[in-house]
Novice: 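Just passing along the structure, written as structure tokens.
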Amino acid sequence: MDVLALSRLQFAVTTMFHFIFVPLTLGLSVLTAWFETGYVRTGDETYLRMAKFWGKLFLINFALGVVTGITQEFQFGMNWAEYSRYVGDIFGAPLAIEATAAFFLESVFIGLWIFGWNKISKTTHAIAIWLVAIGTNLSALWILLANGWMQRPVGFILRNGRAEMNDFMAVVTNPYGWFKFLHTVTSGYMVAAFFVMGIAAWHLLRKNEVDFFTRSFKTAAMFGLLSGLAVGVTGDFHAVEIAKVQPTKFAAMESVWETGRRVPMHLLLVPDEANERNGVETLSIPAMVSMLAFHDPDAEIRGLKSFPKDERPPVLPVFLSFRLMVGLGTLMIGLCLLAVIMPRWKHFVNFKLFLGVMVAALPLPYLAVQLGWLVAELGRQPWVVYGVLKTASGVSSSVSVVQVAGSLLGFTLLYGLLGAIDIFLLVKYAKKGPDNDTTGMIPVKEVA
Amino acid sequence: MELQITWFILWAVLWAAYFILDGFVLGTGFLSSMLAKNDTEKRLLLNAVGPVWDGNEVWLLTAGGATFAAFPTTYALMFSYLYTALLLLLFSLIVRGVSFEFRGKMEGQAWKQGWDRAITISSFLPALLFGVAFGNIFAGLPMDAAGYHGGLLSLLNPYGILTGLLFVCLFAVHGALYTAVKTVGELSGRAFRLAKLLWMPLLLVAVIFLGATAYATKLYDNYLAAPVLFLVPGVAVLALIMVQAYMIANKPLRAFAASCITILFVVFTGVTGLFPNMIPSSLDPAYSLTIYNSSSSQYTLTIMTVVALIFVPIVILYKIWVYRIFRAPVTVQDLTENREAY
């Protein structure tokens with residue numbers, strides 16, 4: 001493999017690993033804040049125990065999310081120096097703003113939250129975790145505005161041999177970035193919802209702390225259903241935006257080769273990239289792809305064959321990832337609906353099959369968000385900045401194969417080790433359940 | 001004032017803020033095995049930095065982000081040329097952060113000893129590597145039209161290692177003083193004595209560094225052109241002497257403050273000499289990266305100035321507020337009262 005292939009692989013490995021921890025951080029910070037707010041409002045100690053238990057898991061997860069985020073900022077310069085030089089004038093801004101306006105917020109107030117239990121009033125303590133939640137979500141906004149710019153570059157001109165920003169507001173209001181942000185954070189909320197429901201269901205199957213885990217489950221189910229619907233709606237708008245501004249990605253997502261109107265969706269489809277057609281096309285819904293793309297059955301869809309071969313993304317992985325993501329999303333919304341309804345019945349904790357399914361469903365949203373990123377990033381190829389700069393032109397020219405192979409190996413080993421330890425600790429603390437020794441709980445200081 | 005100059009100063013301030021704030025965390029980290037005699041003392045050290053280390057590390061990301069946004073060419077070349085050194089730095093910072101969080105999550109001697117070792121190494125390496133990196137930037141990197149002609153080994157030249165040693169000594173005294181201020185009793189006393197002990201080597205390294213800089217770099221050119229600038233290293237040396245004066249007077253908090261000023265002015269000493277270069281070329285000045293040939297457009301610099309003027313003061317305000325909440329030294333009582341403590 002050459003420097004380009006290795007650098008791409010390293011970016012994929014480090015970014016996908018980073019995104020194992022980020023979505024849970026996005027959602028579990030909100031849920032933990034919600035539970036602690038419940039405690040502040042009602043004084044109910046179960047809420048406090050919920051904030052502490054889920055907060056503990058949040059922290060174990062958060063640790064890896066933070067440290068692997070440093071890699072993200074460094075490797076643009078390390079591995080993608082030509083990219084950084086070419087677009088830094090415009091791409092650097094959202095990254096710098098993310099550090100100043102969002103990352104500080106979450107990092108400073110997470111310290112206050114962890115170490116402030118006996119030092120600040122309970123209201124201030126709850127505000128601290130809300131600020132962490134706001135910080136992580138704002139952080140996602142700036143990162144996704146940066147990514148949105150790579151997908152749909154706006155607000156710049158090519159001048160002095162590089163892309164220079166000439167309209168900051170266009171970058172900040174880029175609809176592509178906003179759809180991506182809304183779609184991504186709500187899918188992060190789903191990860192957190194299934195995480196809480198899965199662990200709660202595991203304990204309910206064993207009749208541990210039934211009240212504690214039933215309440216956790218109910219809150220997470222409602223959170224999951226609402227965010228699941230939001231994921232669907234924002235996904236739909238996002239797809240329209242993609243069809244409009246990234247026709248090659250859209251065509252690959254649906255594996256459309258020929259340009260035409262009233263393009264049908266084939267429920268069973270096997271792309272045949274070598275022959276520029278689909279091997280199998282059956283179970284068709286008429287005009288459905290046109291409908292999805294432009295909310296208009298008569299809309300014209302540009303097929304992949306209307307683009308030069310060297311401007312098409314790899315069709316099979318994009319197509320499969322998209323299909324699987326949508327399928328999983330639909331399944332999960334269904335599960336959330338059940339999860340909202342089921343606990344209303346008596347003997348809910350005896351529905352062993354359902355609880356077992358919810359335990360097994362815990363990894364599903366993790367899989368779905370990774371697939372979503374594969375669609376987003378593979379679907380943009382061969383461009384690193386869509387229509388402006390090819391990925392191959394962005395790689396560092398001064399870095400050698402040995403260096404990148406070494407760093408890729410290093411990242412794989414280090415991340416593998418740390419990931420294993422993190423999951424081990426998550427499982428340990430998830431199984432241990434909440435502290436039930438309430439006498440040992442130190443309530444937060446009351447305001448004098 | 002030209003925006004490039006504004007951003008050059010801000011760039012220096014961000015690095016200085018990072019070195020001051022993470023410097024004591026790194027110093028405390030790599031001295032922790034030496035300072036702590038048992039697990040409780042080790043925990044006291046970790047909990048002394050616990051509430052603030054994460055927020056302090058963000059100054060590095062802000063410095064990196066500011067380099068990217070304001071001087072993209074410098075960002076691109078600095079990070080790709082120093083690839084292997086930065087990779088080691090990155091691995092260290094990753095391991096350090098995780099060690100802080102995970103050490104207390106399980107009982108067992110092997111588990112804790114493993115993380116203790118990780119903390120020592122992953123705190124020492126960044127201190128050394130930042131010094132080596134900045135030493136090489138002060139001296140210039142071998143770059144010309146064909147690109148970069150160095151590697152990890154070429155960074156480990158005598159001046160690079162000397163600067164690395166300077167950073168290690170600076171952060172060691174800084175961290176020991178922080179520990180002296182933020183703990184009580186025997187541990188605090190031990191840290192204070194260690195700071196006193198380390199001050200002499202620090203002074204020695206600093207003097208050698210100031211001398212070697214005349215031979216290994218062109219930093220003094222700016223000073224000779226405008227001798228009033230010698231005030232900058234002058235303040236650095238004075239602050240370093242004040243560290244010792246306050247230690248003799250048994251005032252650890254003031255000694256720590258003097259140590260902060262020392263680090264600030266050490267950074268300023270370097271960048272004053274660099275100006276207007278960001279990374280000089282050691283082969284041909286025509287290929288040096290300056291604040292002019294590597295900066296963003298005026299438009300981007302203007303936007304970023306507005307952003308910095310709004311957010312940096314807000315960040316400083318809430319950081320001061322949080323530091324005030326945790327101003328009291330960490331005691332054994334804190335460890336038992338708060339179950340979430342490290």
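The shown structure was predicted, so the numbers you read here are calculated from the model rather than taken from an experiment. Just so it is clear: chains get the letters A, B, ... in the order the sequence lines come, proteins before strands, and each one is counted from 1. Computation of the quantities below employed the complete heavy-atom set of this structure, encompassing side-chain atoms and omitting hydrogens, waters and symmetry-equivalent molecules.
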Novice: Are the aromatic ring centres of B/F311 and A/F104 under 6.0 angstrom apart?
Specialist: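 No: the rings miss the under 6.0 Å criterion.
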Novice: Measuring heavy-atom distances to chain B, does A/E73 have an atom under 4.5 Å in its side chain, in its backbone, in both, or in neither?
Specialist: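 Interface part for A/E73: both.
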Novice: For the residue pair B/P72 and A/S84, what are the closest heavy atoms and their distance?
Specialist: CB-O, 3.8 Å
Novice: So which part of B/V322 gets closer than 4.5 Å to some heavy atom of chain A, the side chain, the backbone, both or neither?
Specialist: side chain
Novice: Is it the side chain or the backbone of A/F109 that comes within 4.5 Å of chain B heavy atoms, both, or neither?
Specialist: side chain
Novice: Could you tell me which of B/M106, B/M78, B/E57 has the largest number of non-hydrogen atom pairs under 4.5 Å with chain A?
Specialist: B/M106
Novice: For A/N166, is it the side chain, the backbone, both, or neither that has a heavy atom closer than 4.5 Å to a heavy atom of chain B?
Specialist: backbone
Novice: Which bit of A/I70 comes within less than 4.5 Å of chain B, counting heavy atoms only: side chain, backbone, both or neither?
Specialist: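 Both backbone and side chain.
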Novice: Please report the closest heavy-atom contact between A/K56 and B/R339, naming both atoms and the distance.
Specialist: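 Residues A/K56 and B/R339, closest heavy atoms: NZ-O, 4.2 Å.
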Novice: Name the orientation class of the two ring planes belonging to B/W111 and A/F424 (parallel below 30°, tilted from 30 to 60°, perpendicular beyond 60°).
Specialist: tilted
Novice: Between B/Y299 and A/D89, is the side-chain contact (heavy atoms from CB on, under 4.5 Å) condition met? List the steps.
Specialist: CA-CA 9 Å; B/Y299 180 84; A/D89 192 84; 6.0 Å; no
Novice: Is any side-chain heavy atom of B/K105 less than 4.5 Å from a side-chain heavy atom of A/K428?
Specialist: no
Novice: When you measure from the side chain of B/Y75 to the backbone of A/G77, do you find a donor-acceptor pair of N or O atoms at a distance under 3.5 Å?
Specialist: yes
Novice: Using non-hydrogen atoms only, which part of A/L112 is less than 4.5 Å away from chain B: side chain, backbone, both, or neither?
Specialist: both
Novice: Can you label the angle between the B/F91 ring and the A/F411 ring as parallel, tilted or perpendicular, going by 30° and 60°?
Specialist: perpendicular
Novice: Measure B/I303 against the heavy atoms of chain A and call it side chain, backbone, both or neither at under 4.5 Å.
Specialist: side chain
Novice: Measuring heavy-atom distances to chain B, does A/S407 have an atom under 4.5 Å in its side chain, in its backbone, in both, or in neither?
Specialist: both
Novice: Please rank B/Y148, B/W59, B/Y81 by heavy-atom pairs under 4.5 Å with chain A and give me the top one.
Specialist: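 Highest number of heavy-atom pairs under 4.5 Å: B/W59.
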Novice: Just do the side-chain contact (heavy atoms from CB on, under 4.5 Å) check on B/F102 and A/I60 with the steps written out, would you?
Specialist: CA-CA 8 Å; B/F102 287 178; A/I60 295 169; 4.1 Å; yes
